[in-house]
Every structure is written in structure tokens, then in C-alpha cells.
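Structure record follows, encoded as C-alpha cells.
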Amino acid sequence: MSSPPIQWYPGHIAKAEQQLKRNLDKVDLVIEVRDARIPLATGHPHLNRWISGKQHLLVINRRDMVTPAARVAWEAWFKARGQRTVWCDAKAGTGVKQVQQAAIRAGDQLNERRRNRGMRPRPVRALTLGFPNVGKSALINRLVKQKVVASARRAGVTRTLRWVRLGQDLDLLDAPGVLPPRLDDQQAALHLALCDDIGQAAYDGELVAQAFLNLLKGLQPQDASGVVLALLESRYGVALEGATRDPAFWLEAVAERHTSGDTARMAQRLLDDFRKSALGSIALELPA
């Protein structure tokens with residue numbers, strides 16, 4: 001079963017991207033935030049063009065939602081490509097101090113260069129960048145130790161750019177989530193839909209739930225993925241053996257048990273259960 005067609009590019013994202021380009025000259029450091037469950041799908045294809053000549057700090061959020069083995073594998077993968085990663089759980093605050101320290105270290109290097117040119121040191125100006133709903137606002141609120149920006153586990157809460165002062169050393173620019181104008185890689189688009197990183201209007205929930213079941217079957221042989229199909233069977237009370245051949249059939253059987261035969265509602269419940277880790281810690285992407 002191929003991925004269901006998914007496209008989403010609301011007007012506020014196009015506007016945010018224009019604002020972003022106008023503000024890029026003002027920043028020294030780009031703090032890119034990605035989702036630990038899908039670190040490739042949440043990487044923006046235009047990023048390298050935007051950060052040209054600037055320091056880049058890659059923060060991978062929701063570390064609590066994947067297995068330690070997945071994290072180790074990705075850390076090694078990024079390191080082999082010369083990219084250091086800082087892993088955090090912005091909701092709980094784990095790893096946030098390391099993000100702050102890494103940003104301040106980048107600022108120290110910047111100010112060293114300023115001093116060498118006879119200029120006065122100043123706070124480092126950092127832009128937080130990432131797809132919608134990867135946890136940028138939650139991270140900023142943790143860094144500032146108070147709720148300064150609205151955050152929620154749904155796409156498109158931040159709509160405008162704003163500066164937030166973080167002590168003497170760091171000024172943060174919070175940007176709305178940016179998506180590419182076209183989601184050409186439909187497998188990546190499926191991953192974004194599953195992790196609630198794009199709006200629900202972009203996809204058919206039942207088709208995405210069926211594709212999710214197929215994806216789990218493909219991931220199960222890799223221990224690092226964290227997929228335990230027995231957990232799904234015990235949770236919903238329906239054996240999975242036929243589900244991967246015909247996920248629609250399994251969805252109907254489970255809907256009969258739990259949602260009075262309403263497959264759309266059952267699909268939503270399955271996706272919600274994954275999104276709140278009720279099916280365990282699952283990495284949808286692992287390094288090849």
C-alpha cells in the first residue's frame with residue numbers, strides 16, 4: 001500500500017517563510033528543532049540555503065518518545081555527517097540546559113571574533129526554526145523559565161515572529177513552523193501526518209491509520225524501532241495477522257469492538273494513542 005496523498009501549505013506558512021527570510025540577516029545562530037520520531041522528515045529541504053555562513057545547532061526534541069537504541073543510532077548517524085545533536089524533552093525539561101549551553105558556546109565564539117575585530121561583545125541572536133508542532137515554543141518557554149510563547153501539541157500555533165530575551169547572553173527569535181511549499185516525498189509526508197506535524201485537513205485519517213499499520217509491520221524486525229505488535233493486539237483485542245495484508249479489515253474489526261463500527265473515529269483513536277506513546281516508544285525512522 002503506497003502512502004495516501006498528503007499536501008498542506010496554509011497561507012500563514014507562506015507568510016512566515018517571507019518574514020523568516022527578511023530576519024535571517026539579523027541572526028548569528030540557527031537552532032533547528034526536529035522530532036525524535038522522524039528526524040529526517042522534519043528536516044527542511046531549504047535549511048542549508050537559509051543557514052549559509054551561520055552557526056547551526058540541531059536540537060532533537062521528544063527524546064522520551066523513542067527508544068534509547070534509536071537515539072544512539074541517530075546520534076552516530078549525524079556525527080558521521082559532522083553534525084552535533086542535542087537531544088531534549090522540552091515538555092519535561094530534560095536536556096534543555098544542554099541546548100542553552102550549546103547556544104551560549106556558539107555565542108562565545110561569535111564574540112571572540114567581534115573582539116578580535118575591535119567590536120564590543122553582544123548577546124548572540126538565535127533563530128529557532130523547525131516544522132510545525134516539533135516543540136519549538138515549548139523549548140523556548142523552558143529556556144526562558146516562563147510561558148512567553150503559546151505552545152500546544154498541534155500544528156500552526158505560532159503565527160508570527162517575535163524576539164525573546166534569554167538572560168545576558170542570548171536573544172531568541174521564535175519563528176512559526178515552516179513547511180516546504182510541496183511535500184514531494186509522500187513517505188515523509190505520511191510521517192509528518194502521523195506525528196501531528198501537519199494539519200488534519202491535509203489527509204484522510206483512515207488511509208493514514210492503515211498506512212501506519214503497514215509501517216509498523218515493516219519496522220518491527222528492527223529492535224531499535226520499539227514496535228511491539230503484541231501491545232496493539234492486547235490494547236485493542238484483535239489479532240494482527242491479517243491486518244498487514246488488509247489493514248482496512250483490521251480497522252473495521254477494531255472499530256466494531258471500540259467505536260460502534262465507526263472506522264473514522266477508530267482511526268483517530270489509533271493515531272492519538274501513537275501520538276501520546278500509549279503504544280510504546282516508537283521511532284518511525286531509523287538510519288539506513
Smallest separation among heavy atoms of [X] and [Y], with atom names:
X      : Y      : value
Leu286 : Ala224 : CD2-CB, 4.0 Å
Gly226 : Ile282 : O-CG1, 4.1 Å
Asn111 : Pro121 : OD1-CA, 3.2 Å
Glu32  : Gly43  : OE2-CA, 3.9 Å
Ala189 : Ile198 : O-CD1, 4.0 Å
Cys88  : Val59  : SG-CG1, 3.7 Å

Is there a side-chain contact between [X] and [Y], using heavy atoms and a 4.5 Å cut-off?
X      : Y      : result
Arg84  : Phe78  : no
Met266 : Arg257 : no
Leu190 : Tyr203 : no
Leu213 : Trp250 : yes
Leu129 : His44  : no
Arg34  : Trp74  : no
His191 : Leu215 : yes
Ile51  : Asn48  : yes

Could you walk me through whether Gln83 and His56 pass the side chain to side chain donor-acceptor pair (under 3.5 Å) test, one step at a time? CA-CA 9 Å; Gln83 179 66 63; His56 175 216; 3.1 Å; yes
Cluster overlap [X] with [Y], hydrophobic side-chain contacts below 4.5 Å:
X      : Y      : value
Val134 : Val144 : yes
Leu240 : Leu284 : yes
Val254 : Leu279 : yes
Val66  : Leu271 : no
Leu173 : Leu58  : no

Can you list the steps and then say if Leu270 with Gln268 is a side chain to side chain contact (heavy atoms under 4.5 Å, CB included)? CA-CA 5 Å; Leu270 177 65; Gln268 189 59 52; over 6 Å; no
My understanding is that only residues two or more places apart in sequence, or in another chain, count here; which of them pass side-chain hydrogen bond (donor to acceptor under 3.5 Å, both in side chains) with Asn61? none
Taking only residues two or more places apart in sequence or in another chain, which ones pass side-chain hydrogen bond (donor to acceptor under 3.5 Å, both in side chains) with Arg165? Asp171
Begin with the C-alpha distance, continue with both residues' side-chain angles, and end with the deciding distance and a verdict on side chain to side chain contact (heavy atoms under 4.5 Å, CB included) for Leu143 and Leu170. CA-CA 10 Å; Leu143 285 166; Leu170 195 57; 5.6 Å; no
Fit a plane to each ring of Tyr236 and His258, take the angle between them on a 0 to 90° scale, and name the class: parallel (under 30°), tilted (30 to 60°) or perpendicular (over 60°). perpendicular
Hey, is the main chain of [Y] close enough, under 3.5 Å, to the side chain of [X] for a donor-acceptor pair?
X      : Y      : answer
Gln220 : Val227 : no
Asp28  : Arg125 : yes
Arg81  : Trp77  : yes
Asp89  : Thr94  : no
Ser225 : Glu285 : no

Starting from the C-alpha separation in whole Å, work towards a yes-or-no answer on side chain to side chain contact (heavy atoms under 4.5 Å, CB included) for Val33 and Leu139. CA-CA 9 Å; Val33 185; Leu139 176 64; 3.9 Å; yes
Working for side chain to side chain contact (heavy atoms under 4.5 Å, CB included), residues Asp35 and Phe131: CA-CA 9 Å; Asp35 188 321; Phe131 275 56; over 6 Å; no
Find the distance between [atom1] ([X]) and [atom2] ([Y]) and round it off to the nearest 0.5 Å.
X      : Y      : atom1 : atom2 : answer
Ile31  : Asp174 : CD1   : CG    : 10.5 Å
Thr42  : Asp197 : OG1   : CG    : 7.0 Å
Gln187 : Ile38  : CD    : CD1   : 11.0 Å
Leu251 : Glu256 : CG    : CD    : 11.0 Å
Ile60  : Thr85  : CD1   : OG1   : 5.0 Å
Leu110 : Gln55  : CG    : CD    : 7.5 Å

Other ILVMFWY residues reachable from Val228 by side-chain steps of under 4.5 Å: Leu231
Salt bridge check: are Asp272 and Arg269 linked by an N-O gap of less than 4.0 Å? no
